[in-house]
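What follows is one structure encoded as structure tokens, with my remarks underneath.
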Amino acid sequence: MSKKLAVMLSGRGSNFVAIADTIASGALQGCHIDVVLSDKPDAPGLEEARRRGIDTMVCARRQYASKQEWEQAMIDGLQARNVDFIILAGFMRILGEGFINAFPRRILNIHPSLLPSFIGLDAQQQALDYGVRYSGCTVHFVTNDLDAGPIIVQKVVPVLPADDAAALSRRILEQEHVAYSEAIALVVAGKYEIQGRRVLLK
Ligand code: GRF
């Protein structure tokens, strides 16, 4: 049966669009986007989901008295839909243990650097400031340590002399759009095992 994906985003949603387009093209099979969930009621990615006829959910942090209640509302909403995988695509809040433990090994994130380098915010600027010659993106399983779960797919891009953060971000983003669908195809097919930190293809 087609696996249900929930995409969580806070902003423009270009990774969401790339995944949705890849599914629509037939190049990513065995799954569909069941719902797009955002913490930002005005996220452009939500509007794009509605335009495509995909269900949306909004859980703004400020609607809830505590982080725990906010996370529980999201857990309840996602569990009620029986989603198989949760795809973090520019979701700009850090999820707590309660949320992560509710979906063990079923939450994926994309980060715009070659992890474990440059975790956290502004990874592209961090790469420029450090002076690395190559950067890229990483799709990984989400664990309770920030940007540190087992790595599923990485893509490398060069850092060019004329780059500023915007130029490097654009080059990385092109690869993000390829990497995320590759990683989703792998987990949806279930042909992998996790040994320690390593995701090994079966
Ligand atoms: C991407 O750079 C992603 O790596 C990071 O947030 C950004 C989201 O971009 N986690 P978009 O909303 O998918 O366009």
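Atoms within a ligand are numbered from 1 in the order they appear, just like the ligands themselves. Quick note: numbers below take in every heavy atom, side chains included, and nothing from hydrogens, waters or symmetry partners.
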Using a cut-off of under 3.5 Å, which N/O atoms of ligand 1 pair up with protein N/O atoms, and what distance separates each pair?
| from | atom 1 | to | atom 2 | distance (Å) |
| --- | --- | --- | --- | --- |
| ligand 1 | 2 (O) | Glu176 | OE1 | 3.3 |
| ligand 1 | 2 (O) | Glu176 | OE2 | 3.1 |
| ligand 1 | 4 (O) | Glu176 | OE1 | 2.8 |
| ligand 1 | 4 (O) | Glu176 | OE2 | 3.2 |
| ligand 1 | 9 (O) | Arg12 | NH2 | 3.3 |
| ligand 1 | 10 (N) | Ile110 | O | 3.0 |
| ligand 1 | 12 (O) | Gly13 | N | 2.9 |
| ligand 1 | 13 (O) | Ser14 | N | 3.3 |
| ligand 1 | 13 (O) | Asn15 | N | 2.8 |
| ligand 1 | 13 (O) | Asn15 | ND2 | 2.9 |
| ligand 1 | 14 (O) | Arg12 | NE | 2.4 |
| ligand 1 | 14 (O) | Arg12 | NH2 | 3.4 |
| ligand 1 | 14 (O) | Ser14 | N | 2.9 |
| ligand 1 | 14 (O) | Ser14 | OG | 2.5 |

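Salt-bridge annotation for Arg81 and Asp55: present, with a side-chain N of the basic residue lying under 4.0 Å from a carboxylate O of the acidic one.
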Exercise for review: Apply salt bridge (charged side-chain N to carboxylate O under 4.0 Å, His left out) to Arg52 and Asp21, showing your working.
Suggested key: CA-CA 10 Å; Arg52 289 166 182 253; Asp21 284 348; 2.9 Å; yes

Exercise for review: Dump the intermediate steps for side chain to side chain donor-acceptor pair (under 3.5 Å) on Thr138 and His111, then the final yes or no.
Suggested key: CA-CA 5 Å; Thr138 305; His111 185 75; over 6 Å; no

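Residue pairs meeting the salt bridge (Lys or Arg N to Asp or Glu O under 4.0 Å) criterion with at least one partner in residues 180-202, sequence neighbours excluded, are Lys155-Glu182.
Gln29 places a side-chain N or O within 3.5 Å of a backbone atom of Gly26 that can act as its donor or acceptor partner.
Closest of all the heavy-atom pairs between Ala89 and Val7 is CB-CG1, 4.1 Å.
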